[in-house]
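Before any comments, here is the structure.
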2 protein chains.
Amino acid sequence: MKSKKNKATKGEMELLEVLWKLGSSTVRQVHDILNEQTQGKEKSYTTTLKFMQNMLEKKLVSREIIDNKHLYQATISEKESLNEKISKIVENTFQGSPGNLVLQILGNHKTSTEELQKIREYLDEIDTNQQPKK
Amino acid sequence: MKSKKNKATKGEMELLEVLWKLGSSTVRQVHDILNEQTQGKEKSYTTTLKFMQNMLEKKLVSREIIDNKHLYQATISEKESLNEKISKIVENTFQGSPGNLVLQILGNHKTSTEELQKIREYLDEIDTNQQPKK
DNA sequence: ATTTTTCTACGATTTATTTCGTAGGAAGAT
DNA sequence: ATCTTCCTACGAAATAAATCGTAGAAAAAT
């Protein structure tokens, strides 16, 4: 009866990102990646472990035991999470217009000719699929 | 000599968003908007004030006194902030390819025909400006 | 010129998040 | 089988973020 928010904190997001890269993995694997990409102060193994446990509790990850090892994986996909983020940006900053966000991206982030071409093709595709009202 | 991180917290981000909407404004104005768009538990005025003061300290906002009133405004623009956010997404999730992010957006967020048309026009424009190699 | 209202500064409290130490169990090596 | 090593669970400490109360100054109202 209590569907809590269970939103990931900033720190938990970092763990999720590692899980998205690695897929199903052990605490050890996640911890190693995390400390590898962190310059400076190492964090202790139990810190990462605790994060995983908290996130399990919050249902941000699921866990299965395979071959006597605890394997964790994200319960939300990278795309889902991204789409939520994008929706929020579109609402907040572009009055609900994804197209304007796209224009903003194209205008401010160098995009190769090939990429632009792919976008064009995508637009054409939509076009032909949408116009078949003869 | 010390260029601290001074990254905004989630709560501070909310204030920034209000400042972006309102432009230069008083604590009172920001506080009213904030509590207006919040359902449930009102926060006290001094909470908002404290946020502003902290953010001033962190250089997230600047302050000027006009007509005996403290006016605050964001030191980073909404677009700048957005571009940083986008860059991070592009790096993290799209291997540095903004085009793929665009495709992801177009594929998952309903976009009106007019918007699509504007994107097409934008692409064409780039094209003509880019091909004038003879 | 009092009184009332509104504001800022500041410190303290509360709550959330992050970090780690310790204890005990299982797996692997000697 | 004993000794290491690596693991989990758990609680507690440390740090960060958010919230609020009080005091006194300034402005507005009476």
Side-chain angles (χ1 to χ4, degrees), chain A residues 2 4-19 22 24-74 81, chain B residues 2 4-19 22 24-74 81:
Chain A
K2 45 146 59 169
K4 289 203 291 202
K5 271 270 156 153
N6 283 351
K7 236 187 120 297
T9 66
K10 222 167 114 43
E12 289 168 346
M13 263 300 167
E14 282 188 57
L15 285 232
L16 281 180
E17 268 153 27
V18 174
L19 282 175
L22 298 186
S24 188
S25 31
T26 64
V27 175
R28 176 62 61 187
Q29 294 174 302
V30 173
H31 180 252
D32 286 349
I33 296 285
L34 229 43
N35 266 166
E36 179 178 304
Q37 70 190 194
T38 298
Q39 90 290 40
K41 60 292 160 98
E42 300 261 308
K43 308 198 175 153
S44 111
Y45 176 82
T46 50
T47 298
T48 305
L49 173 62
K50 184 62 157 181
F51 261 86
M52 300 286 234
Q53 291 171 341
N54 288 157
M55 292 167 78
L56 181 63
E57 181 65 27
K58 284 171 128 181
K59 302 276 178 58
L60 293 174
V61 299
S62 64
R63 181 168 80 175
E64 56 180 344
I65 304 185
I66 288 188
D67 201 33
N68 276 328
K69 293 205 169 314
H70 284 192
L71 290 182
Y72 291 83
Q73 76 186 87
S81 165
Chain B
K2 43 146 62 171
K4 287 202 292 200
K5 271 270 153 151
N6 282 353
K7 239 188 121 294
T9 66
K10 222 167 115 45
E12 289 168 347
M13 263 300 168
E14 281 187 59
L15 285 232
L16 282 180
E17 269 153 27
V18 174
L19 282 174
L22 298 185
S24 188
S25 31
T26 64
V27 175
R28 176 63 58 189
Q29 294 173 302
V30 173
H31 179 251
D32 286 350
I33 296 286
L34 228 44
N35 266 167
E36 179 179 303
Q37 70 189 195
T38 297
Q39 90 291 37
K41 60 293 159 96
E42 300 262 308
K43 310 204 173 148
S44 114
Y45 176 81
T46 51
T47 297
T48 305
L49 172 62
K50 184 63 156 181
F51 261 86
M52 300 286 234
Q53 290 171 341
N54 289 157
M55 291 167 79
L56 180 64
E57 180 66 27
K58 283 171 128 180
K59 303 276 178 58
L60 293 174
V61 299
S62 65
R63 180 168 80 175
E64 56 180 345
I65 304 185
I66 288 187
D67 202 34
N68 276 328
K69 291 204 170 315
H70 284 192
L71 289 183
Y72 291 82
Q73 77 186 85
S81 166

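Per chain, numbering begins at 1; letters A, B, ... match sequence-line order. This one's a predicted model, so the numbers in the text were calculated from it and none came from an experiment.
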Discussion item. Walk me through whether A/His70 and A/Leu49 qualify under side chain to side chain contact (heavy atoms under 4.5 Å, CB included).
Written reply: CA-CA 11 Å; A/His70 284 192; A/Leu49 173 62; over 6 Å; no
Worksheet item: Can you check the A/Leu49 CG to D/dC10 C1' distance for me, whole Å?
Response: 10 Å
Discussion item. How many whole angstroms separate atom NZ of A/Lys43 from atom P of D/dA14?
Written reply: 18 Å
Discussion item. Tell me the interatomic distance from A/Phe51, atom CZ, to D/dT8, atom P, rounded to whole angstroms.
Written reply: 16 Å
Response to the item:
Paired with B/Val27, the side chain to side chain contact (heavy atoms under 4.5 Å, CB included) test is passed by just one of B/Arg63, B/Met52, B/Lys50, namely B/Met52
Discussion item. In this structure, how many angstroms lie between the C1' atom of C/dA16 and the CD atom of A/Glu12, rounded?
Written reply: 11 Å
Item to complete: Output the distance between atom CG (B/Leu22) and atom CD1 (B/Ile33), rounded to the nearest 0.5 Å.
Response: 5.0 Å
Response to the item:
Ranking C/dC7, D/dA9, C/dT18 by distance to the side chain of B/Arg28, first place goes to C/dC7
Worksheet entry | Strand-adjacent residues in residues 63-73 of chain A, judged by heavy atoms under 4.0 Å from DNA chain D | A/Arg63, A/His70
Worksheet item: Quick one: A/Met52 CE to D/dC6 P, roughly how many Å, whole number?
Response: 18 Å
Discussion item. Could you check whether any side-chain heavy atom of A/Asn35 comes within less than 4.5 Å of a side-chain heavy atom of A/Lys43, counting everything from C-beta outward?
Written reply: yes
Practice prompt. Find the distance B/Asp32:CG to C/dT6:C1' and express it as a whole number of Å.
Written response: 12 Å
Discussion item. Applying a 4.0 Å non-hydrogen cut-off, can you work out what A/Thr9 is touching in the nucleic acid: base, sugar-phosphate, or nothing?
Written reply: sugar-phosphate
Worksheet item: With side chains defined as the heavy atoms from C-beta onward, is the minimum distance between B/Lys10 and A/Lys7 less than 4.5 Å?
Response: yes
Item to complete: Would you check if A/Ile65 and A/Leu71 make a side-chain contact, meaning some heavy-atom pair closer than 4.5 Å?
Response: no
Discussion item. Would you say B/Thr47 places a side-chain N or O within less than 4.0 Å of OP1 or OP2 belonging to D/dC20?
Written reply: yes
Item to complete: Please say whether more than 12 non-hydrogen atoms of neighbouring residues, nucleotides or ligands are located less than 6.0 Å from CD in A/Gln37.
Response: yes
Discussion item. Measure CG/B/Leu34 against C1'/D/dT19 and give the value in whole Å, please.
Written reply: 13 Å
Item to complete: On DNA chain C, check which nucleotide each of B/Lys50 and B/Tyr45 is closest to and give me the residue with the more 5' one.
Response: B/Tyr45
Worksheet item: In whole Å, what is the span from the NZ atom of A/Lys10 to the C1' atom of D/dT15?
Response: 16 Å
